[in-house]
Amino acid sequence: MTIPSNGAFTIGDRLSPPGESALQASANRPNAMLCAKPDCAGCGVALAARTVIDAAIRVSRRLTVVTVTDCLKPAPNPASRAVTFKSATAVKAAEGAAPILVHTDEASDGLEALAGRDMLLVCYDKTTGERPQLFQEIIAAPGLRYGATATIADIRDLESKIAKAMALTGPRLVVVLAPCPLDCGSQPQDTVRLARLAVESGLFPVLEAENGRITRSRRIRRRLPVRDVLKLQARFADVLKVDGDPRLAALQAAANDHIRAFNLLRRDGEV
Amino acid sequence: MRPVFVSLEPPCNRACPAGENIQGWLSYAQSGDHERAWRLLTQDNPLPACTGRVCYHPCESRCNRIEIDAAVGIQCVERFLGDEAIRQQWSFTPPSAETGKRILVIGAGPAGLSAACHLRLAGHAVVIREASPKAGGLLRYGIPAYRLPRQRLDAEIARITAMGVVLECNTRVNDIESARRDGRFDAVFLAIGAGLAKRTAIPGAAAANVLDAVSVLRSLEQGEKPRLGRRIVAYGGGNSALDVARSAKRLGAGDPVIVYRRNRAKMPAHDFEVEDALAEGVRVTWLSTITQAGEGTITVEKMELDRNGFPQPTGAFETLDADTVILALGQDVDSSLPRSAGLALRNGAVPVGQDMMTATDGVFAGGDMVAGERTATVAIGHGKKAARHIDAWLRGTRCEAAEPRQPARFDQMNSWYYADAERSEPAMLPMQERQKTFGEVVQGVSEPTAIRESRRCLSCGNCFACDNCYGVCPDNAVTKRGIGLYEFDYDGCKGCGLCAQECPSGAIAMTSD
C-alpha cells in the first residue's frame with residue numbers, strides 16, 4: 001500500500017527520500033541566477049528563472065545561458081562558475097558552444113531563433129495563459145524535438161521538464177507560466193496562486209510533446225471557473241463588471257476546449 | 001510587512017480533555033517513530049490503549065481536515081500506539097529521586113490512575129485505595145469487554161503500578177481525615193466517581209423485577225448472574241442503557257428494548273454508540289416513559305417534545321411485554337465519603353477550584369465526582385491537572401497555566417498542498433459474533449494504515465518542514481539551515497507575502513514592521 005506523504009504537492013518532503021523532493025528544496029541548490037528587480041515584489045519570472053537555471057546546470061555544468069528580458073537583472077551567482085551569461089545578440093555567436101539555454105519573456109524573438117537550432121528555449125508567460133499562441137506552437141511547430149508547458153505553481157514538474165529537455169538535443173521549447181503582478185494587476189502574494197488557478201481552470205493546460213505529438217498532460221485536481229482566475233487581476237475588472245461579457249465567455253470557452261482536447265478532467269490513474 | 005514563523009494551537013490539541021499534544025505525536029507516528037510518539041502522548045495521557053477505544057474523540061470532531069475530506073483518524077492511531085506499547089513492553093521511567101511526600105488516591109478509576117501516574121513520575125510516594133476487587137473504575141465495571149478488552153486495561157494499570165505506585169484493592173475508605181492521618185499522607189486526591197444509580201419511583205415496581213444498569217454491568221463483570229429475564233427493557237438514553245442492552249443481547253437474554261422519553265436527536269448517548277447498538281439489533285422505543293410496571297408487562301405513555309425540547313405527556317398509553325426493567329437514568333455521587341472531610345455536594349458534585357482542590361486544604365478531587373462532562377478522558381485530564389497542582393502545593397508554590405496560543409484556523413491554511421487520501425475506517429467484528437460473544441467489536445488498524453492515517457494530519461498552525469517558503473521566495477530571502485530550520489533574510493525580503501500564502505499549514509504570518 002502506498003503511503004502518501006502529508007505534503008504531497010509541496011516543494012520538499014521530510015518523509016520521502018531527498019531525491020523525490022524538488023531541487024529547490026535542497027539547502028545546496030545552486031542559486032545560479034538570483035535576479036528579481038529591486039522594486040518588484042512577488043516576481044513570478046524571478047522564481048521561474050532560478051528554478052529553470054538551477055535545474056539546467058544540474059544536468060550540464062558547462063552551460064551557456066542567454067537572457068533576453070528587461071525583467072531580470074542577470075546577476076549570476078559567483079558560486080556557479082561554469083555558467084556563461086550572454087546577451088541576445090550573442091545567441092547566434094554562441095552556436096556550437098555546448099549547450100545553450102535561452103530564456104526570455106519576449107516569445108516571438110525566441111521562437112525565430114529556435115528554428116532548426118540545437119538549443120533549449122524557455123519562454124516566460126507573464127499572464128495567466130489567456131494568449132494561447134505559445135503552447136499551440138508546441139503542438140504545431142515542425143521539427144520541435146521536445147515541447148512542454150509548465151508553471152511556477154508546480155516546481156517539481158517544471159524541474160523535471162527542464163532536466164528532460166536538457167538531456168535531449170535539437171530545438172526544444174518550454175513555456176513557463178510565471179504571472180507578473182504588474183502586468184496582471186494582482187497582489188504580489190497571489191503570484192503562485194494565479195498560476196495554479198490558471199491551470200485548474202483549464203486556461204493554461206500543462207502538456208508535454210515530442211516530435212510534434214502530445215505525449216502527456218497533467219490532469220486538473222479541483223476545477224474552477226475562469227472567472228475565479230480573472231477576479232484576482234485588476235486588468236479584468238471591466239470584463240467582470242457586467243454579467244455575460246463576451247470576453248469572459250470566450251475565455252471560458254477556450255478553457256473548456258483545452259479540457260476536452262487534452263482530457264484534463266480524467267480521474268486519477270486514468271490515461 | 002515582514003514574514004514571521006508562528007506556532008498556533010491546533011484544534012485537536014485544544015479539544016482534547018486530557019490536554020494531549022496530538023499534532024506532536026502524530027508527527028512522530030508519520031515517520032514510523034512509534035515509541036517517540038507514544039512517549040509524547042503518555043506525557044499527558046497514560047492510558048492510550050483505553051482512550052484509543054472508549055474516548056468520544058472531540059479531537060476528531062474539531063479536526064480541520066473535515067474541511068477537505070474527513071477528520072484524521074486520531075483515535076485509531078492512538079489505539080495503535082497504545083497497543084504497540086503493550087506489544088513492545090515499553091514502560092514508564094520511574095522517578096530518579098523521591099520527594100519524601102506521600103499522597104493518598106481514593107479510587108482507581110481513570111482519574112485516580114492518571115493522578116497516581118503523574119504524581120509518581122514527579123517523585124512522590126502514592127497509595128491508591130480502591131473499594132472494588134480490581135482497579136479500573138468504570139473502565140472495568142461500567143464499560144463492557146466488547147468495547148475495552150480487559151487485558152489491555154490490565155496492562156496499562158500494571159505499567160503504572162510497576163513504577164512503585166501501591167494499589168490496595170478491596171479497601172474501602174470511610175473517613176478521609178483518619179485515613180490521611182493514620183497513613184501520614186501529605187495530600188489526598190478523591191476520585192470515587194458517581195457510583196450510585198439514580199432511581200425513580202415506578203408504580204408497581206415492588207412486584208416487578210427492577211434492577212439498575214450500574215449494578216447489572218458490575219455483576220456481569222464479576223461473573224455473577226444478575227436476575228435477567230427474557231424480555232428486558234432498559235430505561236434511559238445514555239451510554240449505560242446501550243451498554244446494558246447490548247450486553248444482555250450477547251447473553252442471549254431475549255430481545256432487549258430501550259425505552260427513552262425523548263427522541264434520537266436528544267439522546268445523550270453518543271451517536272456512533274447508538275449506531276452500533278441498532279446495527280446489533282437492539283430496538284428502541286422513543287418518546288416513551290414508563291408509568292407502570294407489573295410482573296410480565298410495563299405500561300408506557302407516549303410523549304411529544306414541546307417547543308423547548310422537553311417531553312410532554314400525550315395521554316396515549318401502550319403495554320409492552322417486560323419481565324425485567326433495568327434503570328439507566330444516570331448516576332449520583334455518594335456524599336458520605338466527602339462529608340467525612342467536611343465537604344458538602346453542590347448540584348450533586350464536590351466543588352473544586354481551578355487547582356482541583358476542594359474546600360478542605362490538601363484534599364483534591366476529580367473525575368465524575370466533580371462538575372464537568374463525565375467521560376474517561378475528562379477524568380484522565382482531571383487526574384493530570386490535579387497532580388500538577390498537588391505537586392506545586394506540596395512545594396509551596398502555585399502551578400500557572402501556560403500562555404494560551406492563538407488557534408490555528410483552516411482559512412489561514414493552504415489546503416492545495418495536501419495529498420488526496422481518504423480516511424481509513426477500522427474493521428468490525430462480524431455481526432454474528434457481535435451478537436453472541438463479548439469479543440472486541442471495533443478492530444485495530446495495521447501499522448501501514450496507522451502511518452497513512454497520521455500522514456493525513458495537516459499540521460495546523462505549525463511548520464512541518466515542507467520547504468515551500470524556501471522554494472517559493474522569488475528573492476531567495478529564505479535560508480534553509482536544516483530540515484524545518486528556516487530563517488528570513490529581512491534585508492533581501494520585499495514583503496511580497498508569497499511564503500505566507502503558500503505555507504500549507506499557516507505557520508507564517510505577515511506582520512507590520
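Please read all numbers here as calculations on a predicted model, not as lab measurements. Each chain gets a letter, A, B and so on, in the order its sequence line appears, and its residues count up from 1.
For I483(B), the CD1 atom sits in a loose shell: 12 or fewer heavy atoms of surrounding residues, nucleotides or ligands are nearer than 6.0 Å. Open room surrounds CD on Q406(B); 12 or fewer heavy atoms of other groups in view lie less than 6.0 Å from it. Crowding of Y28(B) atom OH: a count of heavy atoms from other residues, nucleotides or ligands under 6.0 Å not exceeding 12. With a 6.0 Å radius and a threshold of 12 heavy atoms from other residues, nucleotides or ligands, R223(A) has its CZ atom above the threshold. Taking a 6.0 Å sphere around CG of D411(B), one finds it holds more than 12 heavy atoms contributed by other residues, nucleotides or ligands. Enclosure of atom CZ in R39(B) by more than 12 non-hydrogen atoms of other residues, nucleotides or ligands within 6.0 angstrom is indicated.
With chain A as partner, the option from G497(B), G492(B), G471(B) having the largest number of non-hydrogen pairs under 4.5 angstrom is G471(B). Most heavy-atom pairs under 4.5 Å with chain A, from the set P504(B), A465(B), C469(B), S415(B): that is S415(B). Contact tally against chain A (heavy-atom pairs below 4.5 Å) for G32(B), G484(B), C473(B), A500(B): the top residue is C473(B). Ranked by non-hydrogen atom pairs under 4.5 Å with chain B, the options A153(A), C40(A), P181(A) are led by C40(A).
For S424(B), no part sits under 4.5 Å from any heavy atom of chain A, backbone or side chain. For a residue to count as touching a neighbouring chain, one of its non-hydrogen atoms must lie under 4.5 Å from one of that chain's; by this rule R193(A) touches chain B with backbone and side chain alike. The contact between S26(A) and chain B is made entirely by backbone atoms, counting heavy-atom distances below 4.5 Å. Neither the backbone nor the side chain of Q187(A) comes within contact range of chain B; no heavy atom of the residue lies under 4.5 Å from a heavy atom of that chain. Of the two parts of A27(A), the backbone and the side chain both hold a non-hydrogen atom closer than 4.5 Å to a non-hydrogen atom of chain B.
When only modelled atom types and interatomic distance are considered, D190(A) and Q501(B) share a side-chain donor-acceptor pair under 3.5 Å.
To the nearest 0.5 Å, atom CH2 of residue W416(B) and atom OG1 of residue T10(A) are 13.0 Å apart. Atoms CE and CD, on M1(B) and Q189(A) in that order, are 8.5 Å from each other to the nearest 0.5 Å. Once rounded to the nearest 0.5 Å, the distance linking CD of Q30(B) with CZ of R14(A) reads 5.0 Å. Rounded to the nearest 0.5 angstrom, Y417(B) OH and I11(A) CD1 are separated by 6.5 Å. Atom CZ of residue F9(A) and atom CG of residue N468(B) lie 12.0 Å apart, to the nearest 0.5 angstrom. Here the CZ atom belonging to R29(A) is positioned 5.0 Å from the CG atom belonging to N476(B), to the nearest 0.5 angstrom.
A donor-acceptor pair under 3.5 Å links the side-chain atoms of K480(B) to the main chain of A25(A), judged by distance alone.
Listed here is the closest heavy atom pair of P474(B) and C43(A): CB-O, 3.3 Å. Here the shortest heavy-atom pairing between L498(B) and G42(A) reads CD1-CA, 4.0 Å.
The contact list for residues 10-21 of chain B toward chain A, using heavy atoms and a distance under 4.5 Å, is empty.
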